[in-house]
Number of protein chains: 2
Amino acid sequence: MLADLRRPERTFTIRQLCNEFKATPRALRFYEDKGLLCPAREGLNRVYSHKDRVRLQLILRGKRVGLSLSEIREILDLYDENDDGAAQMARSLKKFRERTAALEQQREDIDGALIELHQACARLEQRLAEIRPDLLPRAADYDQVLRARLDGHADAVLGK
Amino acid sequence: MLADLRRPERTFTIRQLCNEFKATPRALRFYEDKGLLCPAREGLNRVYSHKDRVRLQLILRGKRVGLSLSEIREILDLYDENDDGAAQMARSLKKFRERTAALEQQREDIDGALIELHQACARLEQRLAEIRPDLLPRAADYDQVLRARLDGHADAVLGK
DNA sequence: CCGCAGGTTGACGTTTACGTAAACGTTGAC
DNA sequence: GTCAACGTTTACGTAAACGTCAACCTGCGG
C-alpha cells in the first residue's frame, strides 16, 4: 500500500516531475516564482502533490499552444478562485478562443510569408537557370521538396 | 534635372526612408549597428543611396518572412562578397528554402496547437452546456472574436 | 570523516529588436 | 536671438523564459 504509486497521496520530487515532463528544475522553480505553482515544503525541499502535477500539466499544455506564462497564470487563478467552476470554465473558454483566433491569424501570416518566399525562390531559380544552371538544386533539394509534399503543405504553398 | 526624384543619383534622408517604409530612425540606426546598412555620411548625417534603399527593402522583406536580422545580414553579405552574383543567389535560394521549411514546420505546430485548443474548447463547451448553458457564448463573444481578428490584421500591417 | 548526489536560494547572463531618454549640434523661420 | 525641427551619439530599459553560476545544506554509503 505504501508502494502504490498511483494513489493520490503520492507525492513527487522536483526531479521526478522534471523527468516525467522533460522540464528542468530551474523551470519549475521559475513557474513557482511566477505564481503558477506552489508546492508544499518538507523542510526546504519542494514536495509536489497530484494537484501540483495537474497544474504543471496544464502549464505545459498552455505553453504548447503558445500561451504566455502570465496568460496561463490567469487561467490557473480562475480555477483557484473557484466559486462553482462554471464561470471560470467560461472564461477559460474565452481565453482559448482568443488564442485560437490569434493562431489562425499567425497561420495566415505564415502563409503570406510562404507566398513571398515562394515568389522570391521562383525569381532566383529563374535567374540562376539563365546564368548558372549548374548551381540549381538537385538530389538534396529534391529531398526537401518531396518531404514538403508528403507533409501535404506543398499543395497549399505551390498554388493549391 | 536636379528635381528628378527617380534618378539614381537621388539620395534619401533617414526620415524619408522611415516614412516610405514605416520604420523608425532608431530601427535604421540599429540595422546599421548590426552591419545591415552602411549609408554614406555628409558630416555626421546619414545619406542613403538607392542601393541602401534596396538593402532596406530586402531587410524589411526578410523580416516579414520571419528571418532574424543576423540571417538577413548573412544573405546581404553574400550579395556583397559578390564574385558574379550567381553563387550568392544560390546561397540565398538555399536560405529561403530553409526558411520555407521552418515556416512549414511552424504551421504544423500551429495546427497541432489548434487541435489541442479545439479539443479543450469542445470539452469546456460540453461541460458548460451541462452545467450552465447560460454561460455559453453569444453575440457579444462573436464580436470579440471578430475584433481580435481585425486587431490581428492591424498589428500585422503596422509591423508588430 | 569524506565525498557525492541531490536539494535550496539568490543573482546575474542570454537573446532579439528595438524604445526611450539625455545631451548635444545644425539649420531655417520668425 | 531664439525656438522648433531635424539630425547625431551613448547608453540604459524592456519583455520572456529560463540558463548558468555560486555558495550553501543534507542525507547516505563507505
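Predicted, not measured: the structure shown is a model, and the values here were computed from it.
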> Within the 4.0 Å heavy-atom criterion, would you say A:Ser70 contacts the bases, only the backbone, or no part of the nucleic acid?
nothing
> Considering only C:dT8, D:dC18, C:dA17, which nucleotide approaches the side chain of B:Phe30 most closely?
C:dA17
> Between A:His50 and A:Phe12, is the ring centroid distance below 6.0 Å?
yes
> Between A:Glu125 and B:Arg97, does any NZ, NE, NH1 or NH2 come within less than 4.0 Å of an OD or OE carboxylate oxygen?
yes
> Contact class for A:Arg29 (heavy atom, under 4.0 Å): base, sugar-phosphate, or nothing?
base
> Check this for me, if you would: do A:Arg107 and B:Asp111 make a salt bridge, where the nitrogen-to-carboxylate-oxygen distance has to be below 4.0 angstrom?
yes
> Contacts to DNA chain D from residues 32-46 of chain A, heavy-atom cutoff under 4.0 Å, which residues?
none
> Taking NZ, NE, NH1 and NH2 as the nitrogens, is one of them in B:Glu32 or B:Arg41 under 4.0 Å from a carboxylate oxygen of the other?
yes
> On a heavy-atom basis, which atom in A:Cys18 and which in A:Thr24 lie closest, and how many Å separate them?
SG-C, 3.3 Å
> Of the options C:dG7, C:dA17, D:dC18, whose atoms approach the side-chain atoms of B:Ser68 most closely?
C:dA17
> Report yes or no: is there a donor-acceptor pair, N or O only, under 3.5 Å between the side chain of B:Arg26 and the base of C:dG19?
yes
> Between the axis at one end of the helix from C:dC1-D:dG30 to C:dC30-D:dG1 and the axis at the other (five pairs apiece), what's the angle to 10 degrees?
30°
> Mind calculating the distance between NZ (B:Lys63) and P (C:dT16) to the nearest angstrom?
13 Å
